[in-house]
Number of protein chains: 2
Amino acid sequence: MGATKTDHFTETQNQIAVLAKALGHPARVAIIEYLMSVDSCICGDIVNVLPLAQPTVSQHLKELKNAGLIKGNIEGNAICYCIDQNALETLKSYFSVISTSLMKKKYSCC
Amino acid sequence: MGATKTDHFTETQNQIAVLAKALGHPARVAIIEYLMSVDSCICGDIVNVLPLAQPTVSQHLKELKNAGLIKGNIEGNAICYCIDQNALETLKSYFSVISTSLMKKKYSCC
DNA sequence: AAACTATATCGTAATATTGCAATATAAAAA
DNA sequence: TTTTTATATTGCAATATTACGATATAGTTT
């Protein structure tokens with residue numbers, strides 16, 4: 001069918017999946033890294049940095065925004081995008097907990 | 001066209017995207033969480049824990065394995081799956097660096 | 001106002017994902 | 001050896017994603 005059964009999973013599982021899915025494309029990872037590399041949020045530029053056509057980049061930005069990973073403000077002519085710190089913090093915490101917990105267990109049967 | 005332009009991005013960008021994509025479905029997040037919740041790696045059970053049919057679960061497991069997030073060993077009748085610590089460590093580090101770096105910048109123009 | 005700039009949306013083709021019934025495989029138990 | 005148990009594979013339908021040309025929108029500059 002192709003439609004994800006969202007309602008069968010926990011809030012957290014769905015939230016992590018949404019964030020992870022948004023980062024499940026190298027272009028979108030590249031966008032985040034670019035937004036990191038510039039000190040403040042940046043208006044424009046993003047299209048010129050990526051090896052993709054403008055509509056494609058626009059679409060990727062939309063997906064990042066829908067997932068809550070970035071925010072965008074209209075700034076006159078251009079649009080100012082920047083990373084949503086909360087979303088990144090969520091991912092950091094989630095994987096920190098898992099990874100740390102794994103190390104404590106020293107579990108390695110495979 | 002629908003085919004990701006993998007070759008235009010960095011090694012890291014592609015690696016993170018592969019791992020993130022694998023976690024881009026709540027069922028696969030749930031699988032990781034279940035593997036965490038049991039102390040050692042577990043043979044069987046996974047199908048009974050998820051609200052999905054056996055072939056669907058099998059497919060999700062395959063994707064997690066292809067992405068390098070889990071490992072599987074044949075254990076007689078059953079198969080023993082467990083989390084690949086390295087992959088989780090990679091994700092932890094990646095998001096830690098970004099999140100910490102963001103906090104230092106205290107960048108919040110949007 | 002006309003031209004330019006930055007970004008979004010529409011339409012569409014190619015491909016990928018999700019889900020499952022049916023079936024295959026292979027080890028274990030009877 | 002037949003049956004049971006655990007998992008994988010195949011085939012297929014429904015849907016989603018990726019990419020981009022063409023076009024729209026809206027602010028800026030001239």
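Below, read A as the first sequence line, B as the second, and so on, with proteins coming before strands; counting in each chain starts at 1. Since the model is a prediction, treat every value here as computed from it, not as a measurement.
- Proximity note for A:L61 (side chain, C-beta onward) versus D:dC20, C:dA8, C:dG19: the nearest is C:dA8.
- Between the P atom of C:dG19 and the CD1 atom of B:I31 lies a distance of 11 Å, rounded to the nearest Å.
- For the pair B:E63 CD and D:dA8 P, the computed distance is 13 Å after rounding to whole Å.
- Two residues, A:V47 and B:A27, neighbour DNA chain C, and the one matched to the more 5' nucleotide by heavy-atom proximity is A:V47.
- Regarding B:I79, its CD1 atom lies at a distance of 15 Å from the P atom of C:dT25, rounded to whole Å.
- Hydrophobic clustering, with ILVMFWY side chains joined whenever heavy atoms are under 4.5 angstrom apart, groups A:L61 together with A:L19.
- You'll find the side chain of B:Y94 reaches within 4.5 Å of the side chain of B:T12, heavy atoms only.
- For a distance-only test at 3.5 Å, the side chain of B:Q54 qualifies as a donor-acceptor partner of the base of D:dA8.
- For A:N77, whose side chain is taken as the heavy atoms from C-beta onward, the closest listed nucleotide among C:dT5, C:dA8, D:dC20 is C:dT5.
- Here D:dA16 presents its P atom at 18 Å from NE2 of A:H25, a figure rounded to the nearest Å.
- Neither OP1 nor OP2 of C:dT17 sits under 4.0 Å from any side-chain N or O of B:H60.
- Ring pair B:F95/A:F95 is parallel by interplanar angle, where below 30° counts as parallel and above 60° as perpendicular.
- For the OP1/OP2 pair of C:dA16 and a distance below 4.0 Å, the side-chain nitrogens and oxygens of B:K21 include no atom meeting the criterion.
- The nearest whole Å value for the distance from the CG atom in B:L64 to the C1' atom in D:dT7 is 16 Å.
- Shown here for B:L23 and B:I32, the closest heavy-atom pair between the two residues is CD2-CG1, 3.8 Å.
- As a whole-Å value, the separation of B:L52 CG from C:dT17 P is 17 Å.
- In terms of phosphate contacts, A:Y81 brings no side-chain nitrogen or oxygen within less than 4.0 Å of OP1 or OP2 of C:dA6.
- Distance B:K65 NZ to D:dT7 C1': 11 Å, rounded to the nearest Å.
- What you find for A:K92 and B:T100 is that their closest heavy atoms are NZ-OG1, 3.6 Å.
- Rounded to a whole Å, the CD atom of B:Q59 is 11 Å from the C1' atom of C:dA16.
- For the pair A:R28 and A:I74, nearest-nucleotide mapping onto DNA chain D gives the more 5' position to A:R28.
- Comparing D:dT18, C:dA21, D:dT7 against the side chain of B:P55 picks out C:dA21 as the nearest.
- For D:dA19, neither phosphate oxygen OP1 nor OP2 lies less than 4.0 angstrom from any side-chain nitrogen or oxygen of A:T56.
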